[in-house]
Amino acid sequence: MEEGVSEDVDPVASKRPRKSRSRVWNDFKKVYVGNKVKAAICNHCKSQLTAGSNGGTSHLARHLRKCPRRILLNEKPPSLPCARPAAGKASSLKDWTFDQEISRSKLARMVVLHEYPFSIVEHEGLNDFLSSLNPMFKMITPSVVKEDCLAMFEKEKKSMREKFISSCQRVALTSNMWSSKQGLEYLSLTAHFIDDEWKLQKRVLMFSMVESPRNAMAVANVILKGVREWNLDGRISNITLDDGPMNDALVTDLKENLLLRNSLLLNGKLFHVRCAAHVLNFIVQDGLKEIHAVIYNVRESIKYLKSCPSRKQKFQELVREVGISYARGLCLDVASRWNSTYYMLERAVQFKKAFTSLALIDSGYKFAPSIDDWRRAEIVCKLLRTFYNAIKVVTGFHSPTSNLSFHEMWKVRTILHQEVSNEDHFIGTMARDMQKRFDKYWKVSYLHLAIPVILDPQFKMKYVEYRFTQAFGNEAHKYVGEVYNAMLALFGEYHMRSNSQLITREMHTSIAREAVGTSRDIDSLLDWDQHISQQNSIPRDVVGTSRDDIDALSDWDQHVSQQTNYQIVTELDRYLEDGIFPRKNDFDILNWWMVSETKYPTLARIARDVLATPAATVASELVFSSGGRFLNDFRSSLSCETAEALICTQDWLRAGKTTGMGTINDLEDDLSNLEL
């Protein structure tokens with residue numbers, strides 16, 4: 001614009017211009033030179049036409065009748081995703097106005113949600129499509145859409161951090177490691193919590209590269225960095241990790257750091273949760289080594305059929321002759337995935353008569369399983385079915401799993417105890433190997449397994465006593481006592497922290513009111529209160545009392561403490577003594593606690609934190625499914641910061657929605673493509 005020229009500006013002048021009465025000015029912007037209108041710019045196509053007080057507006061009206069963009073707008077439906085209605089009015093064609101910023105935001109959201117490359121904005125097909133929808137939209141460059149995605153990440157992150165800060169509840173963490181095709185190692189950190197509506201939530205907090213060579217200290221530093229960045233100091237209930245030597249060292253490093261800040265419950269006794277799915281996987285792998293020969297014969301038999309169409313046809317004829325009816329055919333396993341081996345064996349045993357018949361008529365078939373092999377395969381299927389069903393339960397993340405883990409592990413323990421005494425040498429040896437690893441897990445995890453069961457009103461402490469009597473016999477009382485004492489200590493700590501938070505808030509308000517501007521005095525009094533609390537001494541109200549007087553009142557302090565402790569256990573005892581809630585398959589434990597929150601306020605706070613703990617790290621592992629797609633061979637140049645922004649924002653946008661990502665059931669669909 002030339003100097004002295006402005007759009008829709010009425011400069012101060014001795015004589016104001018006459019108000020325009022023509023409707024065409026609703027679609028044009030006036031261009032002033034001095035205090036006179038000299039031009040008009042079309043709001044739709046941005047064309048500039050001459051205008052003036054003596055020129056009339058008929059040429060402007062003719063332009064509007066021919067303006068292509070205005071014509072397109074008049075043909076649009078009344079409601080558009082990138083439309084913004086006029087203030088205070090409903091969305092309609094008359095009120096609709098185009099907003100470039102809203103459209104850009106929608107474009108960035110699309111890129112993040114569907115993992116499109118930033119270069120998609122340069123694709124000719126997309127540009128043609130968008131132009132046909134709204135030619136007013138100005139396509140942006142890849143660098144601009146990247147900036148929009150990063151801005152969305154920062155906005156969402158700020159909102160989430162504020163929610164975490166305003167909440168007083170704890171969060172459970174899961175973490176896992178992943179190596180990219182380029183050999184770089186990444187760590188994911190996911191937070192699990194139950195919101196104010198008593199709905200289970202999870203959010204990916206970080207996706208960060210770990211320095212090489214990887215060790216426990218390096219991983220711990222990355223996790224602690226994420227904890228500080230999200231202001232979660234003093235807010236962590238536990239962390240679920242895969243079972244492994246390095247993770248044991250990692251937990252030690254984390255505990256040492258967090259205990260220095262007094263951030264963990266029960267001095268960190270419940271901090272480390274071992275991934276149940278990972279443990280079960282290891283147990284199965286130990287057992288399958290003993291029956292490798294059986295699995296090998298079944299696998300080679302299926303390969304033998306799949307490699308020749310004529311053999312496949314002959315086998316199908318044998319299936320009909322022996323009268324086998326089936327819904328799904330044979331499938332090959334993926335040797336490194338035991339659950340696929342389970343599918344293969346389970347389907348193969350249904351066709352054992354057909355395989356036996358094939359061995360009688362086909363001299364080239366050298367891998368026919370024996371009668372003993374088929375019997376062992378059936379027992380193995382029974383074992384693996386228990387493990388498979390257990391993993392399906394503990395890997396769920398749309399509903400609590402911590403309260404279900406005990407029951408699934410008990411099923412595993414029961415079947416292993418049954419098969420240990422199996423007369424078949426191979427099966428008995430297999431079960432003993434599996435039982436050894438299971439017992440090792442049980443000894444270090446029974447406390448984590450039992451406490452969520454106590455918080456399930458269908459079972460409570462009576463169930464723990466019942467099962468522990470079966471598991472430990474004469475020593476059951478020792479383990480039951482340890483679980484009850486841990487539950488009592490946990491209850492006491494929550495009760496104390498709750499009162500402490502209330503007193504601290506009131507104290508801060510009182511001190512601030514009485515000593516405005518004396519921050520030095522306030523800090524010293526806080527230190528004194530902390531000292532008094534740690535020493536379990538007398539409040540600072542007793543200023544000037546002699547040492548002898550304080551000692552004389554110590555029995556009173558002890559009496560008050562005993563009365564307080566009695567009041568603390570009253571709510572827990574009342575809950576444990578109340579009747580067992582009738583067991584139902586569709587029981588909603590979160591809804592029960594939401595309804596019972598007023599009756600058991602402290603226990604409800606404990607339940608809210610304990611039930612948020614995932615039994616497995618599947619949520620963190622799913623992050624790497626996205627990570628692998630974001631950091632594929634074609635986009636390996638993405639920086640770690642950009643990859644983290646895309647992965648985290650995608651997770652946050654999808655929060656609360658069923659995405660169908662990464663459950664164990666996905667393998668069934670994969671195997672359907674491998675069927676015979």
Side-chain angles (χ1 to χ4, degrees), residues 169-170 172 192-195 197-201 237-238 240 265-266 269-270 273-274 276-277 389-414 442 445-471 476 479-491 493-494 569 571-616:
Q169 70 184 97
R170 291 178 175 264
H192 305 258
F193 57 95
I194 295 172
D195 62 20
E197 302 297 325
W198 284 86
K199 301 297 182 184
L200 185 63
Q201 303 286 347
S237 56
N238 51 55
T240 303
L265 295 166
L266 301 187
K269 192 173 184 179
L270 302 176
V273 179
R274 288 168 172 81
N389 290 335
I391 287 182
K392 280 211 301 186
V393 172
V394 301
T395 55
F397 54 85
H398 295 300
S399 58
T401 56
S402 59
N403 60 308
L404 305 176
S405 296
F406 188 104
H407 309 299
E408 298 306 317
M409 289 301 179
W410 188 262
K411 293 175 186 176
V412 170
R413 181 186 181 277
T414 300
W442 180 265
S445 300
Y446 68 88
L447 199 59
H448 296 89
L449 295 171
I451 287 181
V453 175
I454 297 175
L455 294 169
D456 189 333
Q458 302 174 106
F459 302 101
K460 301 186 179 181
M461 194 68 202
K462 293 180 181 178
Y463 180 83
V464 175
E465 295 171 356
Y466 174 71
R467 288 302 187 202
F468 276 24
T469 300
Q470 296 174 322
Y479 295 98
V480 170
E482 185 176 353
V483 171
Y484 178 76
N485 289 336
M487 185 68 214
L488 183 62
L490 189 65
F491 183 86
E493 192 161 333
Y494 268 80
V569 300
E571 181 187 324
L572 176 60
D573 286 346
R574 188 171 70 251
Y575 166 76
L576 295 177
E577 292 171 2
D578 283 348
I580 300 294
F581 192 84
R583 191 165 64 87
K584 299 190 298 182
N585 291 332
D586 59 347
F587 177 67
D588 188 341
I589 189 171
L590 296 185
N591 183 69
W592 190 92
W593 276 109
M594 180 176 66
V595 173
S596 306
E597 188 171 9
T598 55
K599 185 177 182 181
Y600 309 112
T602 303
L603 280 174
R605 291 180 58 234
I606 299 175
R608 190 171 172 182
D609 291 344
V610 169
L611 295 177
T613 301

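Both backbone and side-chain heavy atoms feed into the values below; hydrogens, waters and symmetry mates do not.
- Between Trp593 and Tyr600, the angle of the ring planes goes over 60°, which puts this pair in the perpendicular group of the 30/60° scheme.
- By the side-chain contact (heavy atoms from CB on, under 4.5 Å) test, Ala612 pairs with Ile194, Leu200, sequence neighbours left out.
- Within a 6.0 Å sphere centred on CG of Asp586, heavy atoms belonging to other residues, nucleotides or ligands number more than 12.
- In this structure the side chain of Ile391 never reaches within 4.5 angstrom of the side chain of Glu408, judged on heavy atoms.
- Contact annotation: the side chain of Trp410 never approaches that of Leu449 to less than 4.5 Å [non-hydrogen atoms, C-beta and beyond].
- Tyr466 and Tyr463 have tilted rings, their planes meeting at an angle from 30° to 60° on a 0 to 90° scale.
- Between Asp609 and Gln169 there is a side-chain heavy-atom pair separated by less than 4.5 Å.
- Note: Phe459 and His407 have tilted aromatic rings, judged against thresholds of 30 and 60 degrees for the angle between ring planes.
- Legend: residues meeting side-chain contact (heavy atoms from CB on, under 4.5 Å) with His448, ordered by chain and number and at least two apart, are Leu270, Val273.
- Looking only at side-chain heavy atoms (C-beta outward), Asn591 and Trp198 stay at 4.5 Å or farther from each other.
- Scanning for salt bridge (charged side-chain N to carboxylate O under 4.0 Å, His left out) contacts around Lys462 gives an empty result, with sequence neighbours left out.
- No side-chain heavy atom of Val464 sits under 4.5 Å from any side-chain heavy atom of Tyr484.
- No side-chain heavy atom of Met409 sits under 4.5 Å from any side-chain heavy atom of Val394.
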